[in-house]
2 protein chains.
Amino acid sequence: MTRNFSDFLRNARLNKNAESKDFSLRKVAARAELEPSYLSKIERGTEAPPSEDKIKALAIDLEIEPDVLLAMAGKVSKELQDIIIKRPMLFGEMLRELKQMPDRAILKIVREVRDGEW
Amino acid sequence: MTRNFSDFLRNARLNKNAESKDFSLRKVAARAELEPSYLSKIERGTEAPPSEDKIKALAIDLEIEPDVLLAMAGKVSKELQDIIIKRPMLFGEMLRELKQMPDRAILKIVREVRDGEW
DNA sequence: CATATCGTGTAGTATTTACTACACGATATG
DNA sequence: CATATCGTGTAGTAAATACTACACGATATG
């Protein structure tokens, strides 16, 4: 179920380690502040993905988009949740509306908003 | 901290009970399938808000928007989270972009998207 | 070849989440 | 005025979450 997360994490780390050898399990674990044995289990899917903070630390260390790694762990960051929580009707409706839309339509909206076309 | 949630819930129930007297704490608790003493504590802010499922059941019973009641409990429904989790980059970027926008601008976008203007 | 680093196995634990069960005195109802 | 319903107090608990600590044999390094 979290195979996605664990496999992706292990692959990402191994790829980085192939380049610079600064990405042994122990070194990454140390930088993200968790026990090597814990990270080992997480990478093999024996343990559930860690907390949001640890996932973010791992993502930054491995140069992965935090939102993406969190999503693979089945999570949405507290930051994004808080945006919704402030205007639940508005964003609830919007998300349900955009759910079925293709990426490009949503991207267009993001672009329009960013360029101030409204 | 969850004063918002508890007060809102109690008020909503008392208002409904004033009309029809089918909204005693015990009756609402029974319909939402939780112990009266538990709901009592929740309404007084002694206990944290219950699980998503119970909050939704309460919202439906009391005719409150589930997203809104969940938000007051500091939660985002698993349904909405799953929409984000399927396309985390896209919706992450979008939410951060829309965060600072006024309601009316967002509503306009939702309307445009709904009417197929892209 | 000593030692440093590697990934992993076992065995826990503290905290949070999400509740139930039961009993009580107060109030309302028939 | 008996009894039904009310809200609430006390005392738990099962399961999930999020980890740590330590030890081990294998492999790499100087």
Side-chain angles (χ1 to χ4, degrees), chain A residues 1-3 5-59 61-62 66 69-70 72-78 81, chain B residues 1-2 5-7 9-59 61-62 66 69-70 72-78 81:
Chain A
M1 192 228 143
T2 37
R3 244 309 105 66
F5 176 81
S6 56
D7 286 352
F8 186 85
L9 190 66
R10 169 143 292 190
N11 283 334
R13 185 180 61 75
L14 290 180
N15 287 341
K16 296 230 82 176
N17 201 43
E19 292 168 14
S20 66
K21 81 192 185 59
D22 269 333
F23 292 85
S24 75
L25 188 147
R26 277 169 183 272
K27 284 185 177 174
V28 170
R31 285 193 296 265
E33 290 183 301
L34 34 84
E35 287 292 310
S37 65
Y38 185 37
L39 179 55
S40 172
K41 278 170 266 172
I42 289 166
E43 284 194 354
R44 282 170 297 129
T46 299
E47 283 278 342
S51 65
E52 182 179 331
D53 284 352
K54 304 292 183 183
I55 291 175
K56 275 195 251 174
L58 289 169
D61 196 45
L62 300 172
L69 196 57
L70 281 166
M72 284 177 174
K75 294 177 199 272
V76 173
S77 72
K78 200 73 191 71
Q81 288 191 42
Chain B
M1 193 226 142
T2 38
F5 177 81
S6 56
D7 285 351
L9 190 66
R10 170 144 291 190
N11 283 335
R13 186 180 61 76
L14 291 180
N15 287 341
K16 295 230 84 178
N17 201 43
E19 292 169 14
S20 65
K21 81 191 186 62
D22 270 334
F23 291 85
S24 76
L25 187 147
R26 276 167 183 272
K27 285 185 177 176
V28 170
R31 286 192 295 266
E33 291 182 301
L34 34 85
E35 287 292 311
S37 65
Y38 184 37
L39 180 55
S40 172
K41 277 169 266 173
I42 289 166
E43 283 193 354
R44 283 172 295 130
T46 299
E47 283 277 341
S51 65
E52 181 179 333
D53 284 352
K54 304 292 183 184
I55 291 175
K56 275 195 251 174
L58 289 168
D61 196 46
L62 300 173
L69 195 58
L70 281 167
M72 284 177 173
K75 295 177 200 270
V76 173
S77 72
K78 198 76 191 68
Q81 288 192 41

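In what follows, every heavy atom counts, from backbone to side chain, and hydrogens, waters and symmetry copies are set aside.
No donor-acceptor contact under 3.5 angstrom links the side chains of A:Ser6 and A:Arg10, judged on distance only.
Nucleotide D:dT8 holds its C1' atom 12 Å from the CZ atom of B:Arg13, rounded to whole Å. The CG atom of A:Leu39 sits 13 Å away from the C1' atom of D:dC19 (whole-angstrom rounding). Look at CG on A:Asn17: it is 9 Å from P on C:dC6, rounded to the nearest Å. Separating the CG atom of A:Leu14 from the C1' atom of C:dC6 is a distance of 13 Å, rounded to the nearest angstrom. Rounding to whole angstrom units, CD1 of residue B:Ile55 and C1' of C:dC19 are separated by 13 Å. Here the C1' atom of nucleotide C:dT5 and the CG atom of A:Leu25 are 12 Å apart, to the nearest Å. In this structure, A:Glu35 atom CD and C:dA14 atom C1' are separated by 15 Å, rounded to whole Å. The nearest whole Å value for the distance from the CG atom in A:Leu34 to the C1' atom in D:dT17 is 15 Å.
Side-chain contact between B:Gln81 and A:Gln81 is present, with at least one heavy-atom pair separated by less than 4.5 Å. Residues B:Ile55 and B:Pro66 have side chains not in contact (no heavy-atom distance under 4.5 Å, counting atoms from C-beta outward). A 4.5 Å side-chain heavy-atom check between A:Leu58 and A:Leu9 finds at least one atom pair inside the cut-off.
A donor and an acceptor atom sit less than 3.5 Å apart, one in the side chain of B:Lys41 and one in the base of D:dT10.
Atoms NZ and OG, from A:Lys56 and A:Ser77 in turn, are 6.0 Å apart once rounded to the nearest 0.5 Å. Here CG of B:Asp53 is found 12.0 Å from NZ of B:Lys78. Values are rounded to the nearest 0.5 Å. Here CG of B:Leu34 is found 5.5 Å from NZ of B:Lys54. Values are rounded to the nearest 0.5 Å.
In this model, the phosphate group of C:dC6 is approached by a side-chain N or O of A:Ser24 to a distance below 4.0 Å at OP1 or OP2. The shortest distance between the side-chain N/O atoms of B:Arg26 and the OP1/OP2 oxygens of D:dG7 is not below 4.0 Å. Contact annotation: B:Ser40 side-chain N/O to D:dT8 OP1/OP2 distance is under 4.0 Å. Residue B:Lys27 places no side-chain N or O under 4.0 Å from the OP1 or OP2 atom of D:dA4. For D:dT8, one of the phosphate oxygens OP1 or OP2 lies less than 4.0 angstrom from a side-chain nitrogen or oxygen of B:Arg10. For A:Arg44, a side-chain nitrogen or oxygen approaches OP1 or OP2 of C:dG9 to under 4.0 Å.
Comparing A:Tyr38 and B:Ser51 by the nucleotide of DNA chain C whose heavy atom lies nearest to each, the residue mapping closer to the 5' end is A:Tyr38. Residue whose closest nucleotide on DNA chain C sits further toward the 5' end, between B:Lys21 and B:Lys75: B:Lys75.
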Applying the Watson-Crick and G-U criteria (both distances under 3.5 angstrom) with [ ] for crossing and | for other-strand pairs, one obtains for DNA chain C ||||||||||||||||||||||||||||||
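A:Ser37 comes within contact range of at least one nucleobase, with a heavy-atom separation under 4.0 Å. Using a 4.0 Å heavy-atom distance criterion, B:Lys54 is classed as a sugar-phosphate-only contact. Backbone-only engagement by B:Pro50 is indicated by non-hydrogen atom pairs under 4.0 Å involving sugar-phosphate atoms exclusively.
By the 6.0 Å and 45° rule, A:Arg31 stacks over the aromatic ring of A:Phe23.
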